[in-house]
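Just so it is clear: chains get the letters A, B, ... in the order the sequence lines come, proteins before strands, and each one is counted from 1.
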Protein chains: 2
Amino acid sequence: MTINQDLCVKKGRGRPKLFDREAALDKALELFWAHGYEATSLSDLVNATGAKAPTLYAEFENKEGLFRAVMHRYIEKFTAQRNAALACPESCVAKGIENYFRSTAACFTDREKPAGCFFICTSTVLSASSGEIAEMLKTKHHSQEETLEAFLLERQVKGELSAATDTRALSKYLTCVLQGMSVRAREGATREELDGIIDTMMQLWPMLAGVCQITTKKTA
Amino acid sequence: MTINQDLCVKKGRGRPKLFDREAALDKALELFWAHGYEATSLSDLVNATGAKAPTLYAEFENKEGLFRAVMHRYIEKFTAQRNAALACPESCVAKGIENYFRSTAACFTDREKPAGCFFICTSTVLSASSGEIAEMLKTKHHSQEETLEAFLLERQVKGELSAATDTRALSKYLTCVLQGMSVRAREGATREELDGIIDTMMQLWPMLAGVCQITTKKTA
């Protein structure tokens with residue numbers, strides 16, 4: 001009986017009935033995150049997911065389609081979770097920002113996954129021929145800064161931030177620190193080290209909000 | 001006469017007499033910087049430098065040797081220049097830091113070269129087989145943070161910074177902002193946008209030095 005089942009699996013052709021799309025996406029996500037878009041070959045993806053190449057083609061059309069699905073999986077698994085930390089209505093603006101940064105530090109340094117931010121890691125080196133992938137990553141990654149700015153604006157409307165605060169300049173500065181944290185995590189920084197940087201930033205927070213004023217020269 | 005010269009060039013074999021090592025390194029630097037270590041093939045390097053493969057092998061042994069020479073060329077051309085901006089003895093500590101950041105922003109956004117920091121761009125995606133390259137990049141890149149810390153310590157000894165300032169925590173925070181600036185430049189930020197972030201950071205400087213105190217928990 002066992003032998004027959006083995007033979008059946010080995011001889012089976014076409015799309016397996018039990019293709020686990022989410023598990024395959026998680027494996028593919030790990031590969032792209034660790035090695036980037038171009039250095040990850042279809043053969044790497046076949047090996048890691050355990051799916052056959054025709055199955056992957058049937059599900060995702062091509063490598064670019066698989067990458068797009070992987071990007072959405074990352075957003076669903078990690079970005080949404082961090083955004084929830086930010087948006088908790090019970091938190092004051094400073095606490096919301098701190099929660100977002102701590103949650104990001106935890107994600108960047110989780111040893112179960114590649115270090116750093118998926119968007120930064122996959123977009124740093126792309127050949128000219130991957131222009132569409134580059135554009136897609138840039139747009140999605142930019143949405144992090146937009147999320148921060150929308151949060152700051154919302155809290156400004158509620159009176160938690162001075163009306164003079166330049167929420168765009170402030171969100172640019174905050175995103176720059178997050179991006180630096182991704183680089184540090186990729187180079188081996190621990191959660192504790194990133195938390196040290198967040199400690200420094202949160203101590204500066206009251207002055208930071210005061211420094212970014214709409215009277216200062218706006219950055220593009 | 002002209003025809004004979006052309007024939008001579010076309011028929012010439014072996015190492016050309018006029019191999020311009022520095023020009024070849026500059027071309028190779030641009031390729032590695034834009035596309036990373038692994039996505040840059042020997043054939044790309046041959047095309048870009050105009051040198052024949054045997055010439056490159058004779059000069060640099062292999063791709064790794066060429067990459068090592070390229071890394072030193074980058075340090076010689078760009079890192080040394082930024083360190084000079086930092087170390088100007090006439091500048092106060094804040095001015096030294098600001099000069100270093102402005103010089104770095106100029107380097108990251110110079111349209112004549114690939115955007116961002118060479119070390120970050122080339123080290124973000126490396127396969128497990130490039131462990132030695134990864135280690136080399138990490139060590140050299142870490143020296144930026146050490147340069148900043150040495151500068152802060154030197155100015156602390158001169159009394160320009162309080163004895164209570166945790167120069168290590170401060171240099172970690174500053175490096176994090178620089179690393180974020182590299183990511184932003186890579187994603188298309190202009191010099192003006194990076195200067196806006198530096199404006200914010202320099203306005204925070206007096207509080208920043210005060211916030212990083214040796215009494216706070218040291219990060220590793």
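Remark: A:Glu146 CD is packed, more than 12 non-hydrogen atoms of other residues, nucleotides or ligands lying under 6.0 Å away.
Neither the backbone nor the side chain of A:Ser182 comes within contact range of chain B, judged by heavy atoms closer than 4.5 Å. Neither the backbone nor the side chain of A:Glu135 comes within contact range of chain B, judged by heavy atoms closer than 4.5 Å.
Seen from the ring of B:Phe108, B:Lys113 does not count as a face-on cation partner, given the 6.0 Å and 45° thresholds.
Each of B:Thr200, B:Val177, B:Leu178 has some count of heavy-atom pairs under 4.5 Å with chain A, and the biggest count is that of B:Thr200. The residue among B:Met201, B:His142, B:Met181, B:Arg184 with the most heavy atom pairs within less than 4.5 Å of chain A is B:Arg184.
In this structure, B:Cys121 and B:Tyr37 have side chains that are not in contact, with every pair of non-hydrogen atoms separated by 4.5 Å or more. Annotation: side chain of A:Met136 is in contact with side chain of A:Phe67 (closest heavy-atom distance under 4.5 Å).
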